[in-house]
Number of protein chains: 2
Amino acid sequence: MRLVIARCSVDYAGRLSAHLPSATRLILVKADGSVSIHADDRAYKPLNWMSPPCSLKEADGTWTVINKAGEKLIISLEEVLHDSSHELGVDPGLVKDGVEAHLQELLADRMEVLGAGWQLIRREYPTAIGPVDILCRDGDGTTVAVEIKRRGEIDGVEQLTRYLELLNRDPLLAPVKGVFAAQEIKPQARVLAGDRGIGCVVLDYDELRGIDDDKLKLF
Amino acid sequence: MRLVIARCSVDYAGRLSAHLPSATRLILVKADGSVSIHADDRAYKPLNWMSPPCSLKEADGTWTVINKAGEKLIISLEEVLHDSSHELGVDPGLVKDGVEAHLQELLADRMEVLGAGWQLIRREYPTAIGPVDILCRDGDGTTVAVEIKRRGEIDGVEQLTRYLELLNRDPLLAPVKGVFAAQEIKPQARVLAGDRGIGCVVLDYDELRGIDDDKLKLF
DNA sequence: TCATAGATGTCGTTC
DNA sequence: GAACGACGTCTATGA
């Protein structure tokens with residue numbers, strides 16, 4: 001990892017054209033060859049960047065970074081204030097908990113949080129337009145398609161609607177009801193779901209995990 | 001901007017829980033108070049971060065970053081290999097070219113690329129659920145709503161569908177057809193559009209701009 | 001390699 | 001502050 005603080009101007013030509021006027025910035029060159037340019041604000045997003053794989057050529061105060069798609073980043077260095085390199089080694093990587101895949105596992109394990117007698121048919125039930133998160137039967141034996149999101153917004157309801165339309169064409173499954181399950185459901189999504197006869201369920205992640213933990217303790 | 005290279009482990013508790021085992025990384029503290037932690041790969045995305053506004057407390061080899069929503073980032077420093085601060089000043093910011101707004105201007109100027117006799121009614125035609133990119137009439141005088149995207153995906157087709165449903169309730173406009181125009185149209189979007197009787201048009205940005213340039217040269 | 005869906009998406013604009 | 005759409009979205013995953 002090489003850290004350069006320099007007054008520079010930058011041009012990007014690729015999916016769009018962009019220009020950075022002269023100013024002092026951080027230029028980050030990583031071991032994988034990637035380059036990013038940061039201003040002194042915004043944690044997440046660099047002003048400009050080039051993702052690997054790409055190649056960096058230094059020549060005469062001008063750095064040129066090119067990738068395979070022909071996108072180009074040209075950095076004109078006017079004054080270098082700091083330049084240091086550091087050996088970091090391979091990162092062991094991030095361990096995450098609480099993402100959609102995990103919610104799906106937890107819910108599939110405890111269908112009864114949706115109602116008494118609910119039973120899993122299968123997770124990732126395949127359809128022509130993609131897999132349904134959970135297909136199950138409710139207490140009455142009616143087929144139910146469950147769409148799970150971390151944050152329930154309108155496009156999630158649209159997605160579930162498409163699945164339902166398709167599943168209801170299958171005489172072996174029809175009628176199929178829909179349930180939209182998320183840790184948080186936005187008002188508009190709730191309204192749209194209600195309008196389409198789709199049920200809404202707010203999932204409590206800690207509770208789901210707690211239930212699951214209790215279950216594990218039994219063994 | 002403060003640059004710290006350190007062996008550290010990190011925990012994030014907020015929208016999800018995440019843990020970074022001990023390793024050497026770059027910790028970036030920006031003037032706006034934001035903090036990000038970078039491994040030696042990936043130009044764009046930090047391993048962990050906290051966006052401003054947030055507050056950083058340093059105490060005894062442990063940094064705690066908290067934001068208003070109660071999200072928390074805890075950095076345990078085990079060995080500091082580099083620590084430097086730099087004054088960068090305010091960045092003048094990025095100048096961009098080639099985005100959707102420009103596509104819309106170009107297409108509105110040359111409706112005939114959609115077909116002979118097509119005529120603009122207006123850009124950003126207002127509806128209750130937001131403006132339609134372009135409303136026009138085709139060669140037969142039928143009203144057409146055009147949705148423009150740089151990359152045409154399924155969401156864009158859904159958006160256009162909602163507009164069409166609304167516009168077709170207006171007896172002065174109905175029947176209204178739909179055209180989905182983008183620089184690139186994904187297969188799924190094309191299928192969904194076809195299923196709903198929506199036409200698809202792939203736009204060539206350079207060609208549109210070229211035509212427009214030629215036009216400018218006439219004056 | 002390509003297509004698809006998720007993301008601690010982030011970021012801007014508008015209401 | 002919430003909602004909505006764009007983004008050089010990026011990134012992981014499965015075909």
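Order of the sequence lines sets the chain letters (A, B, ...), proteins ahead of strands, with each chain counted from 1. Keep in mind that the numbers below use all heavy atoms, side chains included, and drop hydrogens, waters and symmetry copies.
- Toward the 5' end of DNA chain D, the nearer of the two residues B/Glu153 and A/Pro187, judged by each one's closest nucleotide, is A/Pro187.
- For B/Lys45, a side-chain nitrogen or oxygen approaches OP1 or OP2 of C/dT8 to under 4.0 Å.
- The side chain of A/Gln159 approaches C/dG6 more closely than any other nucleotide in the set D/dA6, D/dC10, C/dG6.
- An OP1 or OP2 oxygen of D/dA3 is reached within less than 4.0 angstrom by no side-chain nitrogen or oxygen of A/Arg190.
- Between the CD atom of A/Glu184 and the C1' atom of D/dG1 there is a distance of 13 Å, given to the nearest Å.
- For A/Tyr205 and C/dT8, the OH to P distance is 13 Å, given to the nearest whole Å.
- In the set D/dC7, C/dG6, C/dT8, the nucleotide with an atom closest to the side chain of A/Glu147 is C/dG6.
- Annotation: of the two residues near DNA chain C, A/Ile129 and B/Tyr12, the 5′-most nearest-nucleotide partner is A/Ile129.
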Pair A/Tyr205-A/Asp97, side-chain hydrogen bond (donor to acceptor under 3.5 Å, both in side chains): steps then yes or no = CA-CA 10 Å; A/Tyr205 178 70; A/Asp97 187 16; 2.3 Å; yes
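- Regarding A/Gln183, its CD atom lies at a distance of 12 Å from the P atom of C/dT8, rounded to whole Å.
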request  = Walk me through it: do B/Val176 and B/Leu173 pass the test side-chain contact (heavy atoms from CB on, under 4.5 Å)?
outcome  = CA-CA 6 Å; B/Val176 183; B/Leu173 290 175; 3.9 Å; yes
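- Taking 4.0 angstrom as the limit, A/Lys186 places none of its side-chain polar atoms (N or O) nearer than this to OP1 or OP2 of D/dG1.
- The same atom, C1', is picked in D/dG8 and in C/dT14; the two are 24 Å apart, to the nearest Å.
- C/dG6 atom C1' lies 11 Å from atom CG of A/Asp133, rounded to whole Å.
- Between A/Arg151 and A/Glu100 there is no salt bridge, since no side-chain N of the basic residue sits under 4.0 Å from a carboxylate O of the acidic one.
- Residues B/His19 and B/Tyr12 keep their aromatic ring centres 6.0 Å or farther apart.
- Separating the C1' atom of D/dC7 from that of C/dA7 is a span of 13 Å, rounded to the nearest Å.
- Rounded to whole Å, the distance from CD on B/Gln188 to C1' on D/dG14 is 13 Å.
- Within the structure, every side-chain polar atom (N or O) of B/Arg151 is placed at least 4.0 Å from both OP1 and OP2 of D/dG5.
- Between A/Ile154 and A/Leu192, the closest heavy-atom pair is CG1-CD2, 3.4 Å.
- Nucleotide C/dT10 holds its C1' atom 16 Å from the CG atom of B/Asn48, rounded to whole Å.
- Listed candidates were D/dC10, C/dT1, C/dA5. Nearest to the side chain of A/Lys68 is C/dT1.
- In the set C/dT8, C/dG12, D/dG8, the nucleotide with an atom closest to the side chain of A/Arg42 is C/dG12.
- Contact annotation for B/Asp155: no contact, since no heavy-atom pair falls under 4.0 Å across all strands.
- For B/Leu192 and C/dA3, the CG to C1' distance is 16 Å, given to the nearest whole Å.
- For the pair A/Ser51 and B/Lys96, both in contact range of DNA chain D, the more 5′-proximal nearest nucleotide belongs to B/Lys96.
- Regarding B/Ile148, its CD1 atom lies at a distance of 14 Å from the C1' atom of D/dA6, rounded to whole Å.
- Minimum interatomic distance between B/Leu26 and A/Leu88 (heavy atoms only, all atoms of both residues): N-CD2, 4.1 Å.
- Between B/Ile154 and B/Tyr44, the one whose closest nucleotide on DNA chain C sits nearer the 5' end is B/Ile154.
- For A/Glu100, the side-chain atoms get nearest to C/dA7 when compared with the rest of C/dA7, D/dG5, C/dT8.
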